[in-house]
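Within every chain, numbering begins at 1; the chains are lettered A, B, ... in the order of the sequence lines, protein sequences first and strands thereafter. The structure displayed is predicted, hence computed values, not measured ones.
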2 protein chains.
Amino acid sequence: MPDKTLRITRAAGRSPVNRRPVMLGIAGDSAAGKTTLAAGLVEAIGPQRCVSLCTDDYHRYDREERRDKPFTALHPDCNYLGIMEQHLQLLASGQPVLKPVYDHATGRLTRPELVEPNDFIIVEGLLPLHSKLARACFDVTVFLDPDEPTRRGWKIERDTRGRGYDAAAVLAELDRREPESQAYIRPQRRHADIVVRFAPVEGRDDPGVPLSAELLLRPTIRHPDLDEIAQPGVHRAVHLRLDRDTDGRPVDTLHVHGYVEREESVAVEKAIWASIGEPMSGAPECLGRLGSAGRSEPLAITQLLLLHHLVEASR
Amino acid sequence: MPDKTLRITRAAGRSPVNRRPVMLGIAGDSAAGKTTLAAGLVEAIGPQRCVSLCTDDYHRYDREERRDKPFTALHPDCNYLGIMEQHLQLLASGQPVLKPVYDHATGRLTRPELVEPNDFIIVEGLLPLHSKLARACFDVTVFLDPDEPTRRGWKIERDTRGRGYDAAAVLAELDRREPESQAYIRPQRRHADIVVRFAPVEGRDDPGVPLSAELLLRPTIRHPDLDEIAQPGVHRAVHLRLDRDTDGRPVDTLHVHGYVEREESVAVEKAIWASIGEPMSGAPECLGRLGSAGRSEPLAITQLLLLHHLVEASR
């Protein structure tokens, strides 16, 4: 049937050349901060140039159906990962997709929705970096790796307040998911260009102190030159350290201190923003915004770094 | 970003070679007999080797939303035709799709379902032959073109019995749809390899007489040699006539007479079945079956001819 393949190729070739979007993939466990990170980026870039999608919409079963399954929503078999890969490929080549929709409020799968590619596509979810094919669709990849007590706190906060569960049920669910977190979610860490770890810093981990972040910058992509900004003694808010990854490979680690005064972080943000060379007066206000009205300067700096990479990839 | 394209191609290339299905496209207006034709073919081939899908699932709006629109479900803008084309291409290249689902009973769009390619895919609906790209995905194409009083009768029958409307409402809907039938549905007729017209034959059009069918066989595909079967005087059930299409182009027309005795039709069916060379004793019983327990020998002969083409295309 090669004649049919040729006919299809010829017929498809008549459509105008599609614009190929820059794609960012954000992976991480449940309540690791993926949506918050993505939302700030979409707002900063502007929804007219940027679209985001969540790969958890590719759940194969609804909440009711999952009750009888021997695995949780974290398991690859609980998701249409082949379709997710297909849609990522289509979007990466500038084509629209009809994306499935999972309603977290009801736990049900509903009517799909059209996602049209744009200049930038931000993809976040549990398993976007699971396969080599999915990873190949991204220009930049991030893994969110908050320390476990922090993530558990975030999950309880969100699921009791936003989704109506009680805390004991959330903790039980976390325990039930733990083996699959370990088997499928955390292994994505080693495929990310940047690993972001929010955690309190020892000695400064009183409840009122904003969290710090540690950004592992792998040499898999070209990071901005942070030498001037992050060398010791210039800004208290950040410092850069040559380090070894858990597997022994060389990496840079950017420490972003949540406990410094906001002014010190803002100076760093300005310096990074200037390095992007965007024709705007300063870093967008929406960066660093937390869901519940708070702010995190380490989050803002993480988002700025990602903006830098997105802008670079679009050039 | 050519490096990303290359990475995607390389990563995708690791998957096993997909089997490319033979695809049949059946277009026609509402209640033209598409589902009945398709169902007999799926049953004859066997659901383990054949999958069918309806392109009406690609409706962009549900029934409620369509109320406010200046067009009916027949209009291309009322459907995700770009996504339909994309899914047909994916299936034609042996890849699965997550197909949207439109529930005719409730008029609502619901959760999508996985369609995996098989040896044969039968696609039926209002607009599967609308675009050149969609048509390129099919090995054989059919347009169902019953005479209008027959179709109106079928539509009233189905929608009053099966979907709970009253006859006056169905007729009003048919009138409302007429301009779009003319603009978008009927033009697909000229792109079909076979046009099937069920209609009573003048002089034999008493209500009790089974409908006859006229099959326009365009030389766009190689039809089986019907000379021996359909030459005058051999079988009363069929005859073949060299004809001109409405646009003046040469065609064969196979007249299949519904008014002859069943035995005469069965003899023709056996002869066509033998020409397919399938290792079975006779034509499958399911061919010619009408939804409401009746039988139509002209339908059986139409389905046999299509089976011939599907088997040929798979060789």
Side-chain angles (χ1 to χ4, degrees), chain A residues 1-15 19-23 57-62 65 80 82-90 92-103 108-116 131-139 313-315, chain B residues 1-15 19-23 57-62 65 80 82-90 92-103 108-116 131-139 313-315:
Chain A
M1 220 173 309
D3 58 325
K4 190 164 88 171
T5 308
L6 186 63
R7 261 194 299 145
I8 294 173
T9 311
R10 285 170 54 96
R14 280 162 189 268
S15 52
R19 145 175 96 163
R20 291 172 191 267
V22 170
M23 288 172 66
D57 282 322
Y58 292 84
H59 281 339
R60 190 183 285 261
Y61 307 107
D62 64 21
E65 291 163 339
Y80 285 123
I83 298 293
M84 180 196 81
E85 284 173 352
Q86 181 189 80
H87 285 192
L88 292 177
Q89 280 179 83
L90 288 163
S93 66
Q95 293 175 66
V97 301
L98 198 58
K99 184 188 65 64
V101 174
Y102 178 77
D103 183 341
R108 300 184 68 167
L109 291 153
T110 60
R111 72 192 266 184
E113 64 187 23
L114 191 70
V115 176
E116 291 186 281
S131 73
K132 183 159 184 165
L133 180 50
R135 295 192 295 271
C137 299
F138 296 112
D139 300 271
S314 72
R315 272 176 187 147
Chain B
M1 223 172 309
D3 59 326
K4 190 164 88 170
T5 308
L6 185 62
R7 261 194 298 144
I8 294 173
T9 311
R10 284 170 55 96
R14 279 161 191 269
S15 53
R19 145 174 99 164
R20 292 175 190 264
V22 170
M23 289 173 65
D57 282 322
Y58 292 83
H59 282 338
R60 190 183 285 262
Y61 307 107
D62 64 19
E65 291 163 338
Y80 286 123
I83 298 294
M84 179 196 81
E85 285 173 352
Q86 180 188 82
H87 286 194
L88 292 175
Q89 282 178 82
L90 288 164
S93 66
Q95 294 176 67
V97 300
L98 199 59
K99 185 188 65 65
V101 174
Y102 177 78
D103 183 342
R108 300 184 68 168
L109 291 153
T110 59
R111 73 191 266 184
E113 64 188 22
L114 191 70
V115 176
E116 291 186 281
S131 74
K132 184 161 184 160
L133 180 51
R135 295 191 295 271
C137 298
F138 297 112
D139 300 271
S314 73
R315 272 178 187 147

message = Need one label for Arg135(A): side chain, backbone, both or neither, based on atoms under 4.5 Å from any heavy atom in chain B.
response = backbone
message = Heavy-atom count check: over 12 atoms from other residues, nucleotides or ligands less than 6.0 Å from Arg111(A) CZ?
response = yes
ask   = Of the backbone (N, CA, C, O) and the side chain (C-beta and beyond), which part of Leu133(B) lies under 4.5 Å from a heavy atom of chain A, both, or neither?
value = both
request  = To the nearest 0.5 angstrom, please state how far the CG atom of Leu98(A) sits from the CG atom of Leu109(B).
outcome  = 9.0 Å
request  = With a 4.5 angstrom heavy-atom cut-off, could you sort out which part of Tyr102(B) is near chain A: side chain, backbone, both or neither?
outcome  = neither
ask   = Is chain B contacted by the side chain of Leu90(A), its backbone, both, or neither, given a heavy-atom distance below 4.5 Å?
value = side chain
Side-chain H-bond candidate by donor/acceptor type, Tyr80(A) with His59(A), under 3.5 Å = no
key: Sidechain N-carboxylate O distance under 4.0 Å for Arg60(A), Glu113(B)   = no
